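Just so you know, these numbers come straight off a predicted model, no measurement behind them. Both counts, for ligands and for their atoms, begin at 1 and track the order of listing. Along the sequence shown, residues are numbered consecutively beginning with 1.
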Amino acid sequence: MAQATTDPVRLPPGPRAPRLVQGVRFVASRRSSMGALAGRYGPTFTLNLPIFGRTVLVSDPALVKDLFTAGSDLVGRATNLGEVLGPGSTFSLDGDEHRERRKLLVPPFHGKRMAGYEAIVEEEVLREVAGWPDGVEFETLPSMMRITLNAILRAVFGADGAALDELRELLPKAVEVGSRLVVLPRVVRRDFGPYSPGGAMRRYRDRYDEIIGELITAARDDPAFDERADVLSLMLRARYDDGSAISDRHIADELLTLLTAGHETTATTLAWLVERVRRHPELLDRLTAEVDAGGSELQQATIWEVQRVRPVIDGTSRRTLQRIRLGQWVIPENYVVMVSIAMAHANRDRFADPSVFDPDRFGAAPDNYAWIPFGGGIRRCIGAAFANMEMTVTLRTLLREFTFAPTTEPGERYHSRGVANAPGAGGRAVVYRRRGEGRLSDCWESAGSPLSRADGG
Ligand code: HEM
């Protein structure tokens with residue numbers, strides 16, 4: 001476990017190039033330059049980066065565990081996300097405030113609650129795929145974006161309906177601009193007029209605040225408010241230990257956090273899922289046979305393996321609040337320690353032939369410190385169980401509805417969208433509707449379920 005120490009500083013080795021040069025390499029070709037540095041210095045090295053400053057990069061499971069389990073007196077948050085999402089976002093909180101917020105948010109996203117959301121996701125998948133063409137190649141990423149945005153909107157606000165339509169339009173645009181702003185220097189985030197990225201973000205945010213204000217008023221006026229189990233109602237009813245309520249402003253920041261953190265990450269992983277399985281025809285056959293037989297183990301292992309070989313978030317960071325010992329290293333106060341998720345997942349000691357896509361490697365649940373797409377410790381992704389549920393339901397539904405045409409084309413390359421990495425060609429697919437019994441869409445149609453949303457979204 002990481003410990004506070006007064007021992008002399010001992011940093012891992014690293015490149016000596018000037019900060020700006022290292023920064024440009026990091027942003028321009030993060031994956032290949034990190035791979036080259038790992039080849040030269042091993043799994044732990046020190047970088048000097050703009051925005052972050054001197055940064056120790058770790059990926060070895062023992063050090064990852066030490067860092068993720070370090071107390072909140074030793075390490076705190078080290079992300080710019082809070083600056084874009086606002087001071088009331090989980091990403092902006094530390095210490096007691098962070099702990100209290102998580103206590104509040106964990107129950108609606110706890111594994112036990114997931115069965116309750118499955119029908120929502122299934123409905124959203126069926127609504128979306130009703131428009132998929134037979135036998136024509138198309139990008140699946142836009143569909144995955146709509147499915148995951150609608151799923152998280154409905155979990156957060158409870159009901160579907162017209163009030164959410166504008167958020168459906170607004171949020172993808174805000175996420176696109178916000179994801180890029182997060183990785184750029186603070187000055188770029190300023191409002192330099194409507195055509196500047198900071199200005200566009202300001203305007204999206206102002207409109208978002210108005211919509212959330214209306215939804216908060218509507219929730220408070222709802223005669224069934226006390227029985228509602230959606231995240232907005234839980235936040236409105238929640239009280240801190242001193243009896244005070246969370247301010248509406250902080251609720252707006254937090255809801256924006258959940259809507260944005262929970263949407264693009266899951267969608268890009270689903271697009272990678274399509275991209276990977278189409279290149280493994282035998283796996284596709286086995287997955288279809290499993291879903292027809294009512295099983296789920298191989299589907300779960302496939303999702304874990306997609307997250308291992310194509311993690312959509314490259315890394316996560318902590319800032320040292322004191323001088324700490326981390327394994328053999330002694331890291332000064334106010335240093336960033338970055339965990340490379342991509343490098344951890346390529347660790348040969350933990351994953352034989354790490355570049356090979358092989359779901360069968362997961363005979364059991366993955367190790368929490370070697371397989372880390374959701375980070376770890378007290379800041380582990382709040383939405384991990386929700387995302388896993390969404391991906392499982394989506395995969396299961398797609399396999400029931402469609403035959404995916406395999407492909408021998410080379411794998412799609414990484415495309416950075418700012419925060420998340422997506423398949424460069426959008427997770428292209430060719431599908432054919434399955435005929436015969438068991439298709440869920442037939443059951444929905446015969447039950448008279450409205451599978452098309454009035455706005456076509
Ligand atoms: C495949 C989908 C997802 C991936 C890969 C992912 C990944 C991550 C990662 C790497 C972190 C940082 C964890 C750390 O620093 O240790 C994180 C944090 C977070 N995620 Fe996710 N996430 C996903 C889906 C979601 C969903 C669906 C939600 C919302 C329900 C969500 C909400 C959050 C929040 C609120 C945090 C901040 C936690 C904190 O600082 O305490 N994420 N996520």
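- Summarising the geometry of Ile152 relative to Leu258, their closest heavy-atom pair is CG1-O, 3.7 Å, with the distance given to 0.1 Å.
- Looking only at protein heavy atoms, the nearest one to atom 36 (C) of ligand 1 is Phe91 CZ, 3.5 Å.
- Thr257 pairs in a side chain to side chain contact (heavy atoms under 4.5 Å, CB included) with only one of the listed residues (Ile382, Leu85, Leu81), which is Leu85.
- Leu105 does not count as a contact of ligand 1, since none of its heavy atoms falls under 4.0 Å from the ligand.
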Check your understanding: Between Glu123 and Arg154, is a salt bridge (charged side-chain N to carboxylate O under 4.0 Å, His left out) present by the stated rule, with each step listed?
Key -> CA-CA 11 Å; Glu123 190 182 318; Arg154 290 175 66 182; 3.7 Å; yes

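- Only side-chain heavy atoms of Arg102 come within less than 4.0 Å of ligand 1; its backbone N, CA, C and O stay farther off.
- When side chains are defined from C-beta on, Leu259 does not count as touching Val175, because their heavy atoms never get closer than 4.5 Å.
- Close N/O approach between His98 and ligand 1 is found [any backbone or side-chain N/O within under 3.5 Å].
- Set against the non-hydrogen atoms of Thr269, the atoms of ligand 1 under 4.0 Å away are 1 (C).
- If you check each of Pro373, Ser92, Pro311 against atom 10 (C) of ligand 1, the one with the closest non-hydrogen atom is Pro373.
- Between Arg319 and Glu333, none of the side-chain N atoms (NZ, or NE/NH1/NH2) sits under 4.0 Å from a carboxylate O, so this pair counts as no salt bridge.
- Under the 4.5 Å side-chain criterion, counting only non-hydrogen atoms from C-beta, Glu264 is not in contact with Val312.
- Within ligand 1, the atoms closer than 4.0 Å to a non-hydrogen atom of Ile152 are 30 (C), numbered from 1 in the order shown.
- Counting protein heavy atoms only, atom 13 (C) of ligand 1 is closest to Arg379 O, 3.1 Å.
- Thr320 places a side-chain N or O within donor-acceptor distance of the main-chain N or O of Pro332, the cut-off being under 3.5 Å.
- At least one N/O-N/O distance between Arg318 and ligand 1 falls below 3.5 Å.
- For atom 21 (Fe) of ligand 1, the nearby protein N/O/S atoms, meaning those under 2.8 Å, are Cys381 SG.
- Ranking protein heavy atoms by distance to atom 39 (C) of ligand 1, first place goes to Thr90 CG2, 3.4 Å.
- Counted by atom type alone, Asn48 and Arg19 present one or more donor-acceptor pairs between their side chains at under 3.5 Å.
- Across His263, Arg168, Glu128, a single residue satisfies side-chain hydrogen bond (donor to acceptor under 3.5 Å, both in side chains) together with Asn150, and that is Arg168.
- Of the protein's heavy atoms, Thr316 OG1, 3.7 Å lies nearest to atom 12 (C) of ligand 1.
- The aromatic rings of Tyr41 and Phe45 sit tilted, their planes meeting at an angle between 30° and 60°.
- Using bins of under 30°, 30° to 60° and over 60° for the plane-to-plane angle, the ring pair Phe68/Tyr369 lands in the tilted bin.
- Ranking protein heavy atoms by distance to atom 30 (C) of ligand 1, first place goes to Phe109 CE2, 3.4 Å.
- For Gly376, a nitrogen or oxygen atom sits less than 3.5 Å from a nitrogen or oxygen atom of ligand 1, counting backbone and side chain alike.
- By the criterion of a heavy-atom distance under 4.0 Å, neither the backbone nor the side chain of Thr79 is placed next to ligand 1.
- For Phe357 and Trp272, the gap between ring centers reaches or exceeds 6.0 Å.
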Exercise for review: Could you check Thr269 against Gln307 for side-chain hydrogen bond (donor to acceptor under 3.5 Å, both in side chains), going step by step and ending with a plain yes or no?
Suggested key: CA-CA 7 Å; Thr269 308; Gln307 292 195 275; 4.8 Å; no

